[in-house]
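For reference, positions follow the sequence shown, starting with 1.
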Amino acid sequence: SSYFQQMGSMYSAMDVWEELLAGEDGELIAPQVKSQYEMLYGGWPENYDEVILFVDPNNEISDLMLYALGLMPHDDMEEAMISMSKGEAMEAPEMSWSYEELAALGFKLILPAEYYQHDAADGIYTDMSATEAGMDFLYNSDELGVRLKVAGIARPLEGGHGMSSGGIGYTSALTRYAIETTGETDIVKAQLDDPETDVISGLPFPKEDDVEPTDEEKAEAITEHLTTLSAQEKAAAYMDVMGQPSQAYVDAVVDQQMEGMTRQSIEEMIVEQYSSEMGVSGDTVASYIADMSDEDLFERMGEAIAQSVREQYAAGVEQRLSAQTNDQLASLLDMTLEQGAVEPEEGSAQIVGPGASLPAGMAAGMDSGMAMNPGMAGPSPFTPEQFVYLYDNYMPPTRSDSTYEDNLDLLGYVRLEAPSAISIYATTFAQKDEIADLITEYNNSVDEEDEISYTDYVAMLMSSITGIISGISYLLIAFVSISLVVSSIMIGIITNISVLERTKEIGILRAVGASKRDVSRVFNAETLIVGLAAGMLG
């Protein structure tokens, strides 16, 4: 369990089969998909029963893909997983296939509704996949399923990544085929015509106003049913119920066993037991349970002890009752049922079978309904707890365990007008913004519980980048502004100094009749020419 908690997410994220993005106007594959791959062999799927195999830029596929495609034996995959769990280094075997060999791989799509075969005698449907013979019929019969052909093999363009994350790509035509074909199957039609009855089991679906029977009603119902069974069936039922310890007894033994246990002692016990059973190092087992909290660890330990107590209890009862014949056990059941249900006496302990005894710890915990007292003329009556157990395990169901909606999901029934998800692909940022605006417009027109919540990651990213760029721009503007002010002051100072140092030239200009404005124009012209030249050079 710990291993799959750590590693299971990696496998669940690996989609072997993936529907390819469809194009517009009925085009099976969008140009955006085709533009990201180069075709190595064959061509793109053109019919609903054609698929395409994707390889990575190195013409490789993962071991998980090999296993899913039937190219890697189960034993090899299991060995690889065990090596990974042990942290051992492993060498991947060198395996290769030609494009022709891969294209020759055949797949068969069997729809969930096709698993079920109608039984005319009982009027119900039987799951063919529940038996080996049924599985053989499903996968080898030409009457069921559809054969899928590998139309081509493609890989991403150099330096790019393909849109598909799976290994096998199929078109929307196959999806539509599966939906339409499922809706035409006999079992789906029968279920749609009778929404009150489970067509698989033939039982009515549970209703909201159904009331759980009381313990007394359960005892009465199961008593009436058990009387109709054969002697062999009665004997098996009696042996089974006698082998079920009361919950009070189980709790008492668990509390006794766990008294004084510490986390360290539990970890040592688990490491010692499971390292030998699983064939892995103690450090590996310890790493699995290191992250468990004390509460979870003690709870798991209590469950393990309780299971062991029930198994030992049942084994002891079976050993003591095995000397009885089926007729004798059936008679004991009949006699016990006639006495009805009684509450067990506090602290009572009895022995299974005349003159027999169980281990002291087990015998001390038995209640009056689980044994036959040597001094009594017949067996002790069942407790309400035992009657409930018999009812839950031997009473034929009167209601289906499923619901109408669950059955349709199980059979793979889908209505095109009621999709469970819609994928929208925008080719430009403007279209993306338009989609967001449409969602906002819709949210403004409906109640809060009907609103669509979404996260625009691109907008968030662009907003962050825009904010950073704006901050840098403002900083640069400040620096430029300071530079302009400083430059203006410096120009003024330089001009003033140049005036003070050229008083002789100014005097000569004045002497020949130049006005103050003419002198000012000379210096302004020089400053303008120098500033313009410096600006252009800069």
Sub-3.5 Å donor-acceptor pair from the side chain of [X] to the main-chain atoms of [Y], do we have one?
| X | Y | value |
| --- | --- | --- |
| Glu385 | Gln247 | yes |
| Thr440 | Ala436 | yes |
| His225 | Pro396 | no |
| Asn443 | Ile452 | yes |
| Asp433 | Ala430 | no |
| Gln191 | Thr197 | yes |

Should we say atom [atom1] of [X] is surrounded by more than 12 heavy atoms from elsewhere, each under 6.0 Å from it?
| X | atom1 | value |
| --- | --- | --- |
| Glu303 | CD | yes |
| Asp209 | CG | yes |
| Glu158 | CD | no |
| Glu24 | CD | no |
| Glu217 | CD | yes |
| Glu448 | CD | no |
| Glu449 | CD | yes |
| Glu451 | CD | yes |

Worked check of side chain to side chain contact (heavy atoms under 4.5 Å, CB included) between Phe387 and Asp215 | CA-CA 8 Å; Phe387 271 111; Asp215 290 351; over 6 Å; no

Indicate the atoms forming the closest heavy-atom contact of [X] with [Y], along with that distance.
| X | Y | result |
| --- | --- | --- |
| Ser172 | Ala22 | OG-CB, 3.9 Å |
| Ile29 | Pro45 | CD1-CD, 3.6 Å |
| Thr182 | Gly412 | CG2-O, 3.5 Å |
| Asp406 | Ser402 | CB-OG, 3.3 Å |
| Leu390 | Ala237 | CD2-O, 4.1 Å |
| Ser400 | Pro206 | O-CD, 3.3 Å |

Mind telling me whether [Y] and [X] have parallel, tilted or perpendicular rings, with 30° and 60° as the class edges?
| X | Y | answer |
| --- | --- | --- |
| His118 | Tyr125 | perpendicular |
| Phe107 | Trp17 | perpendicular |
| Tyr238 | Phe382 | tilted |
| Phe54 | Tyr37 | tilted |
| Tyr313 | Tyr249 | tilted |

Decide yes or no for [X] and [Y]: does some side-chain heavy atom of the first lie under 4.5 Å from some side-chain heavy atom of the second?
| X | Y | value |
| --- | --- | --- |
| Asp392 | Lys218 | yes |
| Trp44 | Leu28 | no |
| His74 | Tyr67 | yes |
| Tyr425 | Ile435 | no |
| Thr181 | Val146 | no |
| Asn407 | Phe205 | yes |
| Leu157 | Glu38 | yes |
| Val414 | Thr175 | no |

Sole residue of Leu40, Leu69, Leu71 in side chain to side chain contact (heavy atoms under 4.5 Å, CB included) with Leu102 = Leu71

Between the side chains of Gln32 and Gln36, is a donor N or O closer than 3.5 angstrom to an acceptor N or O?
-> no

Taking atom types as modelled, find out whether Asn59 and Tyr99 have a side-chain donor-acceptor pair closer than 3.5 angstrom.
-> yes

What is the distance from atom [atom1] of [X] to atom [atom2] of [Y], rounded to the nearest 0.5 Å?
| X | Y | atom1 | atom2 | answer |
| --- | --- | --- | --- | --- |
| Asp240 | Gln386 | CG | CD | 11.0 Å |
| Asp127 | Met135 | CG | CE | 9.5 Å |
| Lys34 | Glu27 | NZ | CD | 5.5 Å |
| Leu461 | Tyr457 | CG | OH | 12.5 Å |
| Tyr413 | Leu192 | OH | CG | 5.0 Å |
| Ile168 | Leu105 | CD1 | CG | 8.0 Å |

Kindly indicate, with the supporting measurements, whether the criterion side chain to side chain contact (heavy atoms under 4.5 Å, CB included) is fulfilled by Leu138 and Lys108.
-> CA-CA 10 Å; Leu138 287 173; Lys108 186 175 183 181; over 6 Å; no

What's the verdict on side chain to side chain contact (heavy atoms under 4.5 Å, CB included) for Leu333 and Glu233, showing C-alpha distance, side-chain angles and the deciding distance?
-> CA-CA 11 Å; Leu333 178 65; Glu233 292 172 329; over 6 Å; no

According to the salt bridge (charged side-chain N to carboxylate O under 4.0 Å, His left out) rule, which pairs have a member within residues 59-78, sequence neighbours left out?
-> none

Basic-acidic side-chain contact under 4.0 Å: Lys149, Asp49 | yes

Under the side chain to side chain contact (heavy atoms under 4.5 Å, CB included) rule, what do Glu114 and Met128 come out as? Steps first, then yes or no, please.
-> CA-CA 9 Å; Glu114 294 177 324; Met128 302 290 290; over 6 Å; no

